[in-house]
A.B. asks: 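Here it is, the structure in full.
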Amino acid sequence: LKKTHLVVISGPPKNGKTSLALTFTKNFVEQGLKCLWFPFEMGHEDVLESFGDLFSENFDFYSPAELVDKELEWVRQRVKEAKKKDGVDVIFIDHTDFLKDRRLLSQNLSINMASYVGGIIQGIKSLALEQSVIIFLLHHLVKSNWTKNDLPTSEDMRDTGQVAQLADFVLMMVRKRAKKGGEEVYEGNEAIAGVIENRHGGK
């Protein structure tokens with residue numbers, strides 16, 4: 001990964017997207033990079049609790065004191081501020097559905113949802129380029145109830161095909177399902193993950 005990259009992490013709800021992002025945070029901090037979190041879905045306390053559950057040591061990361069505004073321009077200003085004051089390198093936004101863009105709506109009142117979300121993705125990618133940071137964006141699938149052990153494709157992501165077109169990498173993950181007939185739905189805490197889109201070589 002390089003600065004200016006946009007990385008999308010997708011998968012069904014409760015399948016480990018946030019845990020993967022927290023693990024990336026841990027690894028980045030150990031490399032001396034500074035991370036900024038926008039935990040819109042979980043909130044500060046849940047993120048701190050998740051860090052405590054996952055890791056026995058303390059890890060420093062930044063987050064806005066309040067998460068009252070999910071407007072894209074507000075996010076952009078907080079990233080600029082954190083870059084200037086604290087030198088942050090990596091941004092985590094959890095997740096796309098919380099982001100709003102009033103300017104995009106005011107420019108086109110008849111815009112459909114796919115184009116609207118696509119415009120937000122474009123704004124996030126532009127922010128990564130403008131501020132020279134890596135941005136991780138968590139994104140949901142169309143189907144919340146995923147019943148396969150196969151990884152979803154980019155077409156299974158909610159609202160827009162532009163996610164795969166604009167992201168440098170799309171990572172997909174699902175919890176591994178237990179064999180049919182047993183009492184458990186999942187195979188412990190095991191998950192399947194993979195890079196399903198890679199604009200830098202396609203691998």
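Heavy atoms only: backbone and side chains are in, while hydrogens, waters and symmetry mates are out.
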A.B. asks: Measure from the side-chain N and O atoms of D89 to the backbone N and O of K34, and report whether any donor-acceptor pair falls under 3.5 Å.
C.D. replies: yes
A.B. asks: Find out whether I134 and K2 are in side-chain contact, i.e. whether some heavy atom of one side chain is under 4.5 Å from a heavy atom of the other.
C.D. replies: no
A.B. asks: On a heavy-atom basis, which atom in H139 and which in S10 lie closest, and how many Å separate them?
C.D. replies: O-OG, 2.8 Å
A.B. asks: Check the angle between the aromatic planes of F40 and W74 and answer parallel, tilted or perpendicular using the 30° and 60° thresholds.
C.D. replies: tilted
A.B. asks: To the closest 0.5 Å, what do you measure between CD (E155) and CD1 (I196)?
C.D. replies: 8.0 Å
A.B. asks: Output the distance between atom NZ (K84) and atom NZ (K80), rounded to the nearest 0.5 Å.
C.D. replies: 8.5 Å
A.B. asks: For Q31, look at atom CD and say whether over 12 heavy atoms of other residues, nucleotides or ligands are found less than 6.0 Å away.
C.D. replies: yes
A.B. asks: Looking at V195 and L171, what are the two nearest heavy atoms and their distance?
C.D. replies: CG2-CD2, 3.5 Å
A.B. asks: Sub-3.5 Å donor-acceptor pair from the side chain of D156 to the main-chain atoms of T153, do we have one?
C.D. replies: yes
A.B. asks: Can you find a heavy atom in the side chain of S63 that is under 4.5 Å from one in the side chain of P39?
C.D. replies: yes
A.B. asks: Working to the nearest 0.5 Å, report the span between NZ of K70 and CG of D101.
C.D. replies: 15.5 Å
A.B. asks: With side chain to side chain contact (heavy atoms under 4.5 Å, CB included) as the criterion, how do R103 and L72 come out once you've worked through the C-alpha distance, each side chain's angles and the decisive distance to 0.1 Å?
C.D. replies: CA-CA 9 Å; R103 290 189 301 180; L72 187 58; over 6 Å; no
A.B. asks: May I ask you to test the V163-S154 pair for a side-chain heavy-atom distance under 4.5 Å?
C.D. replies: no
A.B. asks: Quick one: closest heavy-atom pair of V8 and A167, and the distance?
C.D. replies: CG2-CB, 3.7 Å
A.B. asks: For the CG atom of D86 and the CD atom of E81, what is their distance to the nearest 0.5 Å?
C.D. replies: 8.0 Å
A.B. asks: Look up atom CD1 in I93 and atom CG in L99, then write down how far apart they are to the nearest 0.5 Å.
C.D. replies: 5.5 Å
A.B. asks: With distance as the sole test, does K17 use its side chain to make a donor-acceptor pair with the main-chain N or O of I9 at under 3.5 Å?
C.D. replies: no
A.B. asks: How long is the span from the CZ atom in F61 to the CZ atom in F92, to the nearest 0.5 Å?
C.D. replies: 10.5 Å
A.B. asks: So which heavy atom on L36 is nearest to which on P64, and how close?
C.D. replies: CD1-CD, 4.0 Å
A.B. asks: If every non-hydrogen atom of A193 is compared with every non-hydrogen atom of L151, which pair is closest and at what distance?
C.D. replies: C-CD1, 3.9 Å
A.B. asks: Parallel, tilted or perpendicular for F28 and F136, by the 30°/60° rule?
C.D. replies: tilted
A.B. asks: Can you tell me if R175 uses its side chain to pair, donor with acceptor, with the backbone of G188 under 3.5 Å?
C.D. replies: yes
A.B. asks: Considering only heavy atoms from C-beta outward, does the side chain of E197 approach that of M157 to under 4.5 Å?
C.D. replies: no
A.B. asks: Is the backbone of L138 close enough, under 3.5 Å, to the side chain of T96 for a donor and an acceptor to pair up by distance?
C.D. replies: yes
A.B. asks: Just by modelled atom types, is the K3 backbone N or O under 3.5 Å from a matching donor or acceptor in the S132 side chain?
C.D. replies: no
A.B. asks: May I have the step-by-step check of side chain to side chain contact (heavy atoms under 4.5 Å, CB included) for R76 and E130, ending in yes or no?
C.D. replies: CA-CA 10 Å; R76 193 174 78 85; E130 172 194 315; 3.0 Å; yes
A.B. asks: In this structure, would L1 and L22 fall into the same cluster of hydrophobic residues linked by side-chain contacts under 4.5 Å?
C.D. replies: yes
A.B. asks: Closest heavy-atom contact between K176 and I192?
C.D. replies: CG-CD1, 4.3 Å
A.B. asks: Does the side chain of N27 reach to within under 4.5 Å of the side chain of L33, using non-hydrogen atoms?
C.D. replies: no
A.B. asks: Would you find a donor on one side and an acceptor on the other, under 3.5 Å apart, between the side chain of D168 and the backbone of L6?
C.D. replies: yes
A.B. asks: Could you check whether any side-chain N or O of K125 sits under 3.5 Å from a backbone N or O of T4, counting only pairs where one atom can act as donor and the other as acceptor?
C.D. replies: yes
A.B. asks: Can you confirm whether the side chains of Q77 and E73 place a donor and an acceptor under 3.5 Å from each other?
C.D. replies: yes
A.B. asks: Has N15 got a side-chain atom pairing as donor or acceptor with P13's backbone, closer than 3.5 angstrom?
C.D. replies: yes
